[in-house]
Amino acid sequence: MKRFAILAWLLALGSGPLLAQAPPAAAYAQAHYTKQEVYVAMRDGTQLFTAIYTPKDAGAGKKYPIMMQRTCYSVAPYGPAKFPARLGPSETMMKQGYIFVYQDVRGRWKSQGTWTNMTPVIDKKKGKKDVDEGSDTYDTIDWLVKKVASNNGRVGQWGISYPGFYTAAGILSNHPALKASSPQAPVSDFFFDDFHHNGAFLESYIFTYPVFGVQKTDTTSKAWYADQGITTGAKDGYQFLLDLGALKNADQYYGKNFFWQETVNHPNYDDFWQKRALPPHYTAGVKPAVMTVGGWFDAEDLRGPLAIYKTIEKKSPGTYNTLVMGPFGHGRWSRETGHTLHSNVYFGDSIATFYQKNIEAKFFAHFLKGNGDKNSGLPEAYLYDTGKKQWDTFAQWPAATATHQKLYLSADGKLDKQPGAPGPVTFVSDPLKPVPYTEDMTTTMGFTPHNYMSEDQRFAGRRPDVLVYQTDVLADDVTLGGEIMANLKVATSGTDADWVVKLIDVYPADEPNHAYMPNKNILLSNYWQMVRSEVMPARFRNGFEKPEAMVAGQKTAVDFHLQDVLHTFKKGHRIMVQVQSTWFPFIARNPQTFVPNPYKAADSDYVKATHSVFGDSFLDVEVLPATPPAQ
């Protein structure tokens, strides 16, 4: 793994000012903005490095709002004469004119202090030493509106991924000048986002730990963690991690990595993880207007935007609170690619530009430059139907018109509205021969997975350890829009198991390839497009705080949420569900022997087990009417 690949990937994603080589945009920024670099003191005395870009025509007669991003991924380029290729969330907003502010959060890069992952929120601060991201946001905004010339007293904040967390945490600052906040692909809870799904460890993240688990010793503009990674000549992550064996064997690489040790020592949803979760801290009276943004194919933070939107909607109903979900992977709405694809699926052209101009820029302009009332001209929910391949708008989400429907997993392989053959259907799960999560081995040694979320699932469904259920050919379009709940009735010969459920759109045999196929060896004829998927460790079926073993041979309910979906399964397609117990190396292998701490399981704990899925298992989905009423 190249030492600097992680940093390059983070910056290219847009976590900080864009460093890609785009001379025209960089020339525009330098021609129209002035730059200053300052240290801003927090209430506890810690100095945070801050870069400020102000339009050159700003003055007493022309004031601009402030757009701020706080990041752990560097505000480079450093130096008062050095400009990034682009400022702000988009070229559109750069040319509309804002005072753009970037800040290294405490403990990172050129800022002082100690780095903490997902800084715990302190709701009731008792003194100047009680600091969190809300207080750092407050102190920064307070300094900016008082010290930066020609600002209009209004501040907006945005960020993608980890900077999305800082944006979401900044909402809790309650600074009166913070008028608009857009958390984008925000991390909301590391036990359910990024490093875990329902507490199951994403072994695909194992190469990222140097970025998050090594403290720097001084302020720096260099990647101090670059030599702390797993160095290997391997290119096949599946084989490398399978050969690594039990998770405890990663200590040979990360014995001194503080975040790895925290992960290993907190296998359950204990106080360590709970106090890092953002949603519980949102209460009535959230002040800034909020537009949470996500991608339906975000392999890192799909849960985050949905959880934050729904929590604010529930706890602070008077807040201007909206949701945007597009046909994107992680953060990819921030960069125009022309032809918009995810994996092999083509959605249209210039979708990111549409979002940037007609949704994002409109939101910030209204609240930072306009009258700032609730009549922004934007809907409550601006969501992309990934089956129809079009934007839809909703007055609320989930939609009021949605009706619940059960899809039963019949033992004869049928997926139907009524219970069918009762089952059970059995399969042997072998952790030494786990089901791959992807066919693209070139992506398995990278920072995080991406394309698997819409990838063709034929490679998995044709294995004996993956159960397949599907409907008959659809006579009419069926739109699933809203939440999905998996209600499994299962048994195992072992004492623990992971359960993976995948919702799949099966294309007809005469489906033609589109003109922009990235993989020429893939046929869309009979393509099995994954639409949504999730994993649930049976150990957490009754709660995430106290794991429980399964009783061998006993029929057991394992219920869990898949994330929301808006997808039309078209006439002539089929709806498919796959059920499996390994998903490697995306998800670490379950030993299938119950152990108190899976991170400390021995290689000998990993055993084959015979699993059973009963025919009264079902998915509870929300179905939208064929012709939705105007909203």
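Within a 6.0 Å sphere centred on NZ of K315, heavy atoms belonging to other residues, nucleotides or ligands number more than 12. For NZ of K63, the number of neighbouring non-hydrogen atoms (other residues, nucleotides, ligands) closer than 6.0 Å is 12 at most. Within a 6.0 Å radius of NZ in K56, other residues, nucleotides and ligands contribute more than 12 heavy atoms. No more than 12 heavy atoms of other residues, nucleotides or ligands shown are found within 6.0 angstrom of NZ on K314.
When each of D139, T140, D142, T137 is checked for a side-chain hydrogen bond (donor to acceptor under 3.5 Å, both in side chains) with H175, only D142 meets the rule.
Proximity of a side-chain donor or acceptor of T116 to a complementary backbone N or O of T119 within less than 3.5 Å is not detected. At distances below 3.5 Å, not a single donor-acceptor pair connects side-chain atoms of T292 with backbone N or O atoms of L323. In this structure, the side chain of D104 does not engage the main chain of F49 through any donor-acceptor pair within 3.5 Å. When atom types are taken as modelled, the side chain of K546 and the backbone of G543 share no donor-acceptor pair closer than 3.5 angstrom. In this structure a side-chain-to-backbone donor-acceptor pair under 3.5 Å is missing from T54 to I99. No donor-acceptor pair closer than 3.5 Å links the side chain of K82 to the backbone N or O of A76. For T340 (side chain) and F347 (main-chain N/O), no donor-acceptor pair under 3.5 Å exists by modelled atom type. Of the possible polar contacts, none joining the H330 side chain to the D298 backbone as a donor-acceptor pair under 3.5 Å is found.
With respect to the salt-bridge test (charged N to carboxylate O, under 4.0 angstrom), the residues E133 and R70 qualify.
Ring geometry, Y254 versus Y209: the interplanar angle falls from 30° to 60°, so the pair is classed tilted. Ring orientation note: the planes of Y205 and F447 are tilted relative to one another, at an angle of 30° to 60°. Using cut-offs of 30° and 60° for the angle between ring planes, the W273 and F191 rings count as tilted. In this pair, F195 and F190 present their aromatic rings perpendicular. The plane angle is above 60°, beyond the 30 to 60° band. The aromatic rings of H32 and Y28 lie parallel to each other, their planes meeting at an angle below 30°, with 60° marking the opposite boundary. Between F328 and W391, the ring planes are tilted. Angles from 30° to 60° get that label.
E380 and Y309 share a side-chain donor-acceptor pair at under 3.5 Å. Neither side chain, Y282 nor N321, offers a donor N or O lying under 3.5 Å from an acceptor on the other. In this structure, a donor-acceptor pair under 3.5 Å is absent between the side chains of H561 and E483. There is a side-chain donor-acceptor pair under 3.5 Å between W333 and Q184. Judged by distance alone, the side chains of T448 and E300 do bring a donor and an acceptor atom under 3.5 Å apart. For the residue pair D189 and Y269, a side-chain donor N or O sits within less than 3.5 Å of a side-chain acceptor on the partner. Side chains of Y452 and S533: no donor on one and acceptor on the other come within 3.5 Å. When only modelled atom types and interatomic distance are considered, Y162 and N117 share a side-chain donor-acceptor pair under 3.5 Å. There is a side-chain donor-acceptor pair under 3.5 Å between D57 and Y64.
Between G97 and Y33 the shortest heavy-atom distance is CA-OH, 3.6 Å.
Cation-pi contact between K369 and Y98: present, with separation from the ring centre below 6.0 Å and deviation from the ring axis of at most 45°.
Between F560 and F540, the gap from one ring centroid to the other reaches at least 6.0 Å.
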